[in-house]
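One structure below.
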Amino acid sequence: IKKVSREGSKERLILWYKQTLACCFVVSVSNVVLCLLSYFYWYTNGWSEDKLVSLIDYALKILAWGATCVCLQCQFSNPGEQKRFPVVLRIWWGFFFSISCYCLVIDIVLFKKHGSFPTQYLVSDVLSVVTGLFLCIVGFFVRNEGEDTLLEEPLLNGDSSVSNGAELSKEKGGDTVTPYSNAGIFSILTFSWMGPLIAAGNKKPLDLEDVPQLDNHDSVIGAFPKFKNRLESADSEGNGVTSLKLVKALFFLAWKDILWTALFAFTYTVASYVGPFLIDTFVQYLNGQREFKAEGYLLVAAFFVAKLVECLSQRRWFFKLQQVGLRQRAVLVAVIYNKGLTLSCQSKQSHTSGEIINFMTVDAERVGDFSWYMHDPWMVVLQVALALLILYKTLGLASIAAFVATVLIMLANIPLGKMLEKFQDKLMESKDTRMKATSEILRNMRILKLQGWEMKFLSKIVGLRSVEEGWLKRFVYTNAMTAFVFWVAPSFVSVATFGACVFLGVPLESGKILSALATFRILQEPIYNLPDTIS
C-alpha cells in the first residue's frame with residue numbers, strides 16, 4: 001500500500017515538474033526572441049546606453065531561466081525522494097513574481113504619463129507576471145504526500161482506510177474517479193489530467209484496473225436515472241413517448257454542455273477569421289505602409305493570440321461534443337435494453353432480437369453522432385456572413401460574386417444532402433430487414449435442417465444482402481460526389497470572385513489575394529459539412 005501511494009504521488013509530482021520545466025523553457029525562449037527582436041530593431045534605428053542595458057537584462061534572464069531548467073532537471077531526476085521544490089527556487093520564484101508585478105505597474109504608469117512606451121517592455125512584464133504567478137502556485141501549494149499519509153499505519157488499524165479524506169480503494173486504478181472531475185482550468189485547457197494515464201500506458205499495456213472510472217455525471221449509472229425521470233415526466237399524460245418528447249429529454253440531459261459547445265464553436269469561428277482579416281494589413285505593413293509605431297508587434301500578437309484561442313476552443317469544442325454524444329448514446333442503449341427486457345411475447349414477434357440489437361448498435365450511434373452537427377445550421381450562417389464582410393472589406397463589390405458562387409455551391413449540396421438522407425434511410429431499412437430475417441432463420445434452424453431448406457433460405461439472405469449492398473453503393477457514390485464538390489468549391493468561388501474583380505477593375509494586390517484565398521479556404525468546411533448536416 002505504501003508503494004502504491006508513493007507511486008501515485010510520484011507521478012503527480014513528475015507531472016508538475018514537467019509543466020514547470022516547460023514553463024521555464026518557454027520563458028527562456030521568449031526572452032531569446034525578445035532579445036533578438038530588440039537587437040535587430042535597435043541595430044537598424046541606432047543604439048543608446050539604455051538599449052544596451054536592456055539587452056544585458058535580456059541576456060541575464062536567458063542565463064537565469066536556462067540555469068533554472070538545468071536545476072530542475074538535476075534536482076528531480078528522482079522525484080520520489082523530493083517532497084517539494086527546493087527552497088531556493090521557491091524563494092526566488094516569490095521574489096521574481098513580486099518584482100514582475102512592481103515593474104508592470106511602473107511601466108503602465110509611465111505609459112499613461114508619456115503616451116508612448118516600448119511595447120516589448122509591456123509584453124515582457126505581462127509574461128513575467130503570468131509565469132511568476134504559475135511558479136508561485138506550483139512552488140508553494142504542490143507537494144509530494146507519498147510519505148506523510150495515514151497509509152503508514154498497519155492494515156489492521158480501522159482508521160487506515162482513509163487517507164486525507166480519500167478512501168484507500170481509490171488508489172486502485174479501476175476504482176478511482178477520473179482526474180477530470182477535479183481538474184483545474186489549466187489542466188482542462190491543456191488536457192494534462194490525462195498525464196498519469198498516458199504515463200502508465202507508456203510503461204506497460206493498460207489493464208482495466210489502470211483506467212479510472214467515469215465521473216458520475218458522464219457514466220450511465222448517473223445519467224440514466226435522470227434521463228428516465230425526464231422521459232416519465234414528459235409522458236405524464238400517458239400518451240406514450242413521441243419523437244419530440246425523446247428529443248427534449250435528450251436535450252435537457254446535457255443542455256449545459258450543449259450551451260458550452262455553442263460558446264466554444266462561436267469563439268472558434270470568430271478566431272479563425274482573424275487571420276484572413278489581418279493578412280492584407282500585414283502585407284501592407286511589410287511593404288512599408290505603417291499607421292503607427294508598434295503596429296508590427298500588435299499584428300504578430302493578434303495572429304498568435306487568435307491562433308491560440310482558435311486551437312484551445314476547437315479542442316474543448318470537440319471534446320465536449322464527444323462527451324454529449326457518448327452520454328446520449330449510452331442512455332439510449334440502456335433504455336432500449338431495459339425496454340427489451342419488459343417486452344411481451346406479442347411485442348417480441350414484431351420486434352425481433354436482431355432488430356433490437358440494430359437499434360442499439362446503429363440507430364443509437366447515429367443519434368450520438370448528430371452531436372457533431374447540432375451547431376452547423378447557425379454556424380454556416382455566421383461563417384458565410386463573416387466571410388462576406390472580409391471580402392467586402394478587401395474586394396469591395398466583387399464580394400457579391402463570391403456570395404452568389406457560395407450560394408450556388410450550397411444549393412448544389414442540398415440535393416446531395418437529400419439523396420444521402422434517402423439512401424441512409426433505405427440502407428437502415430434493408431439492414432433491419434436482413435437482421436430480422438437472419439435472426440428468424442437462426443432461431444428456427446432445426447426446422448430448416450429437418451426439411452432440407454438451408455439453400456433456399458440462404459438464397460433469401462443473399463438476396464437481402466445484395467439489396468443492402470445496392471443501397472450502400474448509392475450512399476458511397478453520393479458521398480464521393482460530395483467530396484468532389486468539397487474540393488471544387490474553393491476554386492469555383494475563387495475564379496468567380498477574381499473574375500468579377502477583373503471585370504469591375506478592382507486592383508488585385510498580393511494582400512487582397514491572400515486574404516481572399518484564406519477566406520475561401522475557411523468557407524470550404526461549412527460547404528462540405530452541409531450535406532452531412534442535412535442527412
Side-chain angles (χ1 to χ4, degrees), residues 214 218-220 223-224 227-228 230-231 240-251 253-254 258 318 321-343 347-376 416-443 457-458 460-483 529-535:
L214 287 173
D218 293 320
S219 65
V220 181
F224 177 67
F227 179 71
K228 188 176 180 180
R230 292 191 179 278
L231 275 182
V241 178
T242 61
S243 299
L244 181 60
K245 294 178 181 179
L246 181 62
V247 170
K248 285 183 179 179
L250 287 174
F251 173 78
L253 177 67
I258 292 175
F318 287 173
L321 285 180
Q322 286 179 317
Q323 269 190 313
V324 173
L326 290 175
R327 194 183 308 158
Q328 292 177 345
R329 176 188 173 189
V331 296
L332 282 177
V333 170
V335 75
I336 293 171
Y337 180 77
N338 286 344
K339 184 68 175 179
L341 295 178
T342 59
L343 285 178
S347 299
K348 287 183 179 179
Q349 296 298 324
S350 57
H351 298 286
T352 62
S353 58
E355 190 175 0
I356 295 175
I357 291 173
N358 210 20
F359 287 154
M360 293 189 289
T361 56
V362 180
D363 296 286
E365 184 177 0
R366 290 285 293 177
V367 174
D369 290 341
F370 176 70
S371 62
W372 290 96
Y373 305 98
M374 66 172 66
H375 299 301
D376 281 4
L416 292 176
K418 291 183 178 180
M419 290 171 65
L420 280 175
E421 182 182 6
K422 175 184 175 182
F423 295 153
Q424 179 72 27
D425 291 340
K426 294 295 183 180
L427 180 61
M428 301 285 282
E429 291 176 4
S430 60
K431 186 176 293 186
D432 289 341
T433 304
R434 178 180 58 83
M435 291 288 292
K436 186 175 181 179
T438 304
S439 177
E440 186 177 356
I441 289 173
L442 292 176
R443 189 167 57 247
F457 281 88
L458 176 61
K460 289 187 176 182
I461 294 294
V462 173
L464 293 175
R465 286 185 64 89
S466 62
V467 172
E468 182 183 355
E469 183 182 357
W471 290 116
L472 182 61
K473 285 182 179 179
R474 294 182 179 93
F475 183 77
V476 172
Y477 291 154
T478 309
N479 259 333
M481 295 173 63
T482 306
N529 289 334
L530 189 60
D532 290 336
T533 305
I534 296 173
S535 176

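One-based numbering along the sequence shown. Note that these values count all heavy atoms, side chains included, but never hydrogens, waters or copies made by symmetry.
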Quick one: salt bridge (charged side-chain N to carboxylate O under 4.0 Å, His left out) partners of R329, sequence neighbours excluded?
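Per chain and number, R329 pairs via salt bridge (charged side-chain N to carboxylate O under 4.0 Å, His left out) with no residue.
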Does some side-chain heavy atom of [Y] sit less than 4.5 Å from a side-chain heavy atom of [X]?
X	Y	answer
V333	V220	no
L246	F227	yes
E365	D369	yes
M374	F370	yes
T438	L464	no

Relative to F251, does K248 satisfy both conditions: NZ or CZ under 6.0 angstrom from the six-membered ring centre, and within 45 degrees of the ring's axis?
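The answer is no, since K248 fails at least one limit relative to F251.
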Verify side-chain contact (heavy atoms from CB on, under 4.5 Å) between V362 and D432, making sure each step is shown before the conclusion.
CA-CA 10 Å; V362 180; D432 289 341; over 6 Å; no
Can you sort out the partners of R434 under side-chain hydrogen bond (donor to acceptor under 3.5 Å, both in side chains), two or more places apart, ordered by chain and number?
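Listed in chain order: E468.
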Can you tell me how far the [atom1] atom of [X] sits from the [atom2] atom of [Y], to the nearest 0.5 Å?
X	Y	atom1	atom2	value
L420	D425	CG	CG	11.0 Å
E421	K418	CD	NZ	9.0 Å
K431	L427	NZ	CG	5.5 Å
F224	L332	CZ	CG	10.5 Å
K422	F475	NZ	CZ	14.0 Å
K245	L250	NZ	CG	14.5 Å

Testing the basics here: between [X] and [Y], what is the closest heavy-atom pair and its distance to 0.1 Å?
X	Y	value
T478	L416	CG2-O, 3.8 Å
R327	A223	CG-CB, 4.0 Å
V324	S371	CG1-CB, 4.4 Å

side-chain contact (heavy atoms from CB on, under 4.5 Å), that's the test. Do H375 and I258 meet it? Break it down for me.
CA-CA 9 Å; H375 299 301; I258 292 175; 4.1 Å; yes
Is it the case that over 12 heavy atoms from other parts of the model lie below 6.0 angstrom from the CE atom of M360?
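Yes.
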For atom CD of E440, decide whether the heavy atoms of other residues, nucleotides or ligands shown that lie under 6.0 angstrom number more than 12.
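Open: at most 12 neighbouring heavy atoms sit under 6.0 Å from CD of E440.
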Between S439 and M435, is there a donor-acceptor pair closer than 3.5 Å when you use the side chain of the first and the backbone of the second?
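Looks like no, no N/O pair under 3.5 Å.
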Among M428, K473, R474, which residue meets the side chain to side chain contact (heavy atoms under 4.5 Å, CB included) test with F423?
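It is R474, the one option of M428, K473, R474 that forms the side chain to side chain contact (heavy atoms under 4.5 Å, CB included) with F423.
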For I356 and L343, run side-chain contact (heavy atoms from CB on, under 4.5 Å): C-alpha distance rounded to whole Å, both residues' side-chain angles, the deciding distance at 0.1 Å, then the answer.
CA-CA 11 Å; I356 295 175; L343 285 178; 3.8 Å; yes
